[in-house]
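Order of appearance sets the numbers: ligands from 1, and atoms from 1 within every ligand. Residues: numbered from 1 along the sequence shown. None of the values given here were measured: they were computed from a predicted structure.
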Amino acid sequence: MDVPFLNLRELNARYADELKAAAARVIDSGWYILGEEVAAFEQEFAAYCGVRHAVGVGNGLDALSLILRGYKELGALEEGDEILVPGNTFIASFLAITENRLVPVPVEPDPATFNIDPARLKDAIGPRTRAIMAVHLYGQLADMPGLAAVAKQHGLLLIEDAAQAHGAIREGRRAGSFGDAAGFSFFPTKNLGALGDGGAVVTDDAALAARVAALRNYGSDVKYHHPFRGVNSRLDEMQAAMLRVKLKYLDEDIQRRRLVARRYREAIRQPDILLPEVVQEEQHVWHLFVVRSSQRDALQRHLRARGIQSQVHYPVPPHLQPAYPMLQGIHLPLTDRLHREVLSLPIGPTLAGDAVEQVIQACRAFGCSP
Ligand SMILES: *Cc1c(COP(=O)(O)O)cnc(C)c1O
């Protein structure tokens, strides 16, 4: 039996009846942009995250980008300001920064958790540093109290890239509620995935929420009045309706992911495969289950030969991408090493028990056979 990395068809088939009913409701409404579904989803998602405001936008990159743009327009950031960001994140975190003519300053992660290491921030802070963009990579919360302490001490904004961590909890607070603002993605493969693109900005900051709400809609506050030069990046009614269905099942799905992760962590015993470290069960929602191996490529071939799909998140760090020639001189040995060693095993709320066992057996057999 082949084990897919993530079976989206199966994942959404569980709610097919509800999704189709929601789609029919939107079709029949005759209202497709910025209507009742988006407004209701914004309320429901804000309540879920434990924040006052959520603003639906076109995708996760725009969510992050519009937060930074909003802060620029509100006077908290200026062109050329530096933003601390984990070196080993997905490139979108960097793109949001550079799109706004701000400067990403990559910081090395704690290799045990893959998340930005607060102890390393001090060396990276300079006179132009204005913000930290924390990324809850692979679904585990970054050390938010540690980051908040540094942010407070140096007067920095704290922004969360929560695209991989919907629902992760620390001390009763959910991802998105720790920083000044957070960006979420609802790309179909994310833990809360739409059936197309989608994203949201969440924040307790009413001024930022209002500005982002205007910016996403041509910079308009009242129809045909444009105090700002905005963009077109709206969550649409259809995706909001899909997300309202799926939000109800998010916590259940997270529990299913945790069961898979727990089983992997107790049963994959192989000296060449390093398992991910968990700070605390609640803080990890297992968007990805990422192991490390000095023989990563051989491990991936070994799994593929046994019908098991795996992926690399990510093969090349942002600072070494051709898109960023100006960052290539930066020395990030830990980040570089992680990109050579990481491998993501199949995980998802519908991954069957026998598939999980098949992955475990294949990992255990790694290195034992040619
Ligand atoms: C997916 C992702 C994004 C971007 O989200 P999109 O909706 O694809 O634009 C940003 N940051 C991280 C960490 C992500 O995983």
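When only modelled atom types and interatomic distance are considered, H166 and N191 share no side-chain donor-acceptor pair under 3.5 Å. Inspection of the Y249 and E18 side chains reveals an N or O donor paired with an N or O acceptor under 3.5 Å.
Salt-bridge formation is not detected for the pair K72/E78: no Lys NZ or Arg NE/NH1/NH2 atom is positioned less than 4.0 Å from an Asp or Glu carboxylate oxygen.
Ligand 1 lies under 4.0 Å from heavy atoms of N59, G60, L61, F90, A92, V135, D161, A163, Q164, S185, K190.
For N88, there are no side chain to side chain donor-acceptor pair (under 3.5 Å) partners, not counting sequence neighbours.
Heavy atoms of other residues, nucleotides or ligands lying less than 6.0 angstrom from CD of E36 number 12 at most.
Of the listed residues (R14, K246, R258), just one forms a side-chain hydrogen bond (donor to acceptor under 3.5 Å, both in side chains) with D253, and that residue is R14.
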